[in-house]
Amino acid sequence: MPTSQPTDVLLAHFHWANLSIIQACAGLSREQFYRRFEMGPGSLHDTVTHILGSTRGWADMLAGRPERPRLEGTERIAAELSALADEVIPDFVAVVRAHPLDELVTRERGGKSYTFPRGGVLTHVTTHGMHHRAQCLNMMRHVGVSPLPPSSVLEWMIAGEPK
């Protein structure tokens with residue numbers, strides 16, 4: 001039975017759901033993977049890249065390290081995005097777990113300073129990912145993927161908390 005701890009659920013599901021989407025992209029043609037849509041970042045490739053890029057950016061902020069260059073605007077095949085997810089998401093998990101969730105963190109962006117509780121950042125990153133995975137599912141539906149890959153927390157729990 002999957003864990004009942006919300007932090008554990010958010011982090012484990014986040015990794016699983018992103019990999020589920022990326023693995024489904026591996027079977028697509030280049031045309032399907034890069035097809036432009038009037039939603040989200042615009043293609044399956046760009047949306048998955050954005051999920052991973054923003055996760056990496058927030059992990060850098062939580063870790064107190066300089067933000068690395070954004071991933072958006074780069075081109076990778078699904079296998080490369082899967083390998084990147086296996087690097088980015090465990091890093092995010094590690095920095096979330098390294099500090100109390102009620103601790104405050106500050107980030108500067110565009111010359112302005114923002115302060116957030118770590119738990120708020122965790123919630124933002126995981127719900128932001130869910131928002132964009134829903135866009136991916138809609139894009140997949142439009143390119144003919146059937147069945148759609150599992151991605152919900154309920155599907156994760158039914159699968160028995162897969163890694």
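Applying the side-chain contact (heavy atoms from CB on, under 4.5 Å) test to Thr49 and every residue at least two apart in sequence or in another chain returns His45, Leu71, Thr74, Leu81. The side-chain contact (heavy atoms from CB on, under 4.5 Å) search around Gln32 returns Leu28, Ser29, Val143, not counting sequence neighbours.
Residues Met39 and Leu44 are members of one and the same hydrophobic cluster, defined by side-chain heavy-atom contacts under 4.5 angstrom among Ile, Leu, Val, Met, Phe, Trp and Tyr. Hydrophobic clustering, with ILVMFWY side chains joined whenever heavy atoms are under 4.5 angstrom apart, groups Phe14 together with Leu137. Tyr114 and Val95 end up in the same hydrophobic cluster when Ile, Leu, Val, Met, Phe, Trp and Tyr side chains are linked at under 4.5 Å. Cluster annotation: Val88 and Val48 are assigned to the same hydrophobic cluster (Ile/Leu/Val/Met/Phe/Trp/Tyr, side-chain heavy-atom contacts under 4.5 Å, transitive). Under a hydrophobic clustering in which Ile, Leu, Val, Met, Phe, Trp and Tyr are joined whenever their side-chain heavy atoms come within less than 4.5 Å, directly or via other members, Leu10 and Met157 fall into different clusters.
Heavy atoms of other residues, nucleotides or ligands lying less than 6.0 angstrom from CD of Glu31 number 12 at most.
Here the side chains of Phe116 and His124 are not in contact, with every heavy-atom distance at 4.5 Å or above. Contact of the Arg36 side chain with the Ser43 side chain is registered, since non-hydrogen atoms from C-beta on lie closer than 4.5 Å. The side-chain heavy atoms of His15 and Val93, taken from C-beta on, include no pair separated by under 4.5 Å. In this structure the side chain of His142 reaches within 4.5 angstrom of the side chain of Asn138, judged on heavy atoms. Looking at Phe92 and Leu122, their side chains come closer than 4.5 Å, going by heavy atoms from C-beta outward. Under the 4.5 Å side-chain criterion, counting only non-hydrogen atoms from C-beta, Leu19 is in contact with Asp86. For the pair Met140/Ile21, a side-chain contact is recorded, criterion being any heavy-atom separation below 4.5 Å from C-beta on.
Residue His132 holds its NE2 atom at 11.5 Å from CG of Leu52, rounded to the nearest 0.5 Å. Considering CD of Glu75 and CD of Glu80, their distance stands at 9.0 Å, rounded to 0.5 Å. Glu155 CD to Trp16 CH2: the interatomic distance, rounded to the nearest 0.5 Å, is 5.5 Å. Here the CZ atom belonging to Arg70 is positioned 6.0 Å from the CD atom belonging to Glu67, to the nearest 0.5 angstrom. From Thr106, atom OG1 reaches atom CE of Met61 across 8.0 Å, with rounding to the nearest 0.5 Å. Atom-to-atom distance recorded for Ile51:CD1 and Arg133:CZ is 6.0 Å, nearest 0.5 angstrom.
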List the steps and the verdict of ring-ring contact (aromatic ring centres under 6.0 Å, His included) for Trp58 and His128. CA-CA 12 Å; Trp58 283 106; His128 173 257; 8.9 Å; no
Start with the C-alpha gap between Leu11 and Ile89, add the side-chain angles, then the distance that decides, and say whether side-chain contact (heavy atoms from CB on, under 4.5 Å) holds. CA-CA 9 Å; Leu11 293 170; Ile89 296 171; over 6 Å; no
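Between His13 and Trp156, the closest heavy-atom pair is CD2-CB, 3.7 Å. The nearest pair of heavy atoms linking Phe37 to Met139 is CD1-CG, 3.4 Å. Pro41 and His50 get closest at one heavy-atom pair: CG-CB, 3.9 Å. Annotation for Glu72 and Gly53: closest pair OE1-CA, 4.4 Å, computed over non-hydrogen atoms. Nearest heavy-atom pair, Ala85 versus Ile22, reported as atom, atom and distance to 0.1 Å: CB-CD1, 3.9 Å. Here the closest heavy-atom approach between residue Thr126 and residue Thr123 is recorded as OG1-O, 3.2 Å.
In this structure, the side chain of Arg30 does not engage the main chain of Ile77 through any donor-acceptor pair within 3.5 Å. A donor-acceptor distance shorter than 3.5 angstrom exists from the side chain of Ser20 to the backbone of Pro150, with no hydrogens or angles considered. Looking at Ser82, its side chain never comes within 3.5 Å of a backbone N or O of Ala78 through a donor-acceptor pair.
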Would you give me the side-chain donor-acceptor pairs under 3.5 Å for residues 97-105, sequence neighbours excluded?
| residue | atom | partner | partner atom | Å |
| --- | --- | --- | --- | --- |
| Arg97 | NH1 | Asp8 | OD1 | 3.0 |
| Arg97 | NH2 | Asp8 | OD1 | 2.9 |
| Glu103 | OE2 | Arg118 | NE | 2.8 |
| Glu103 | OE2 | Arg118 | NH2 | 3.3 |

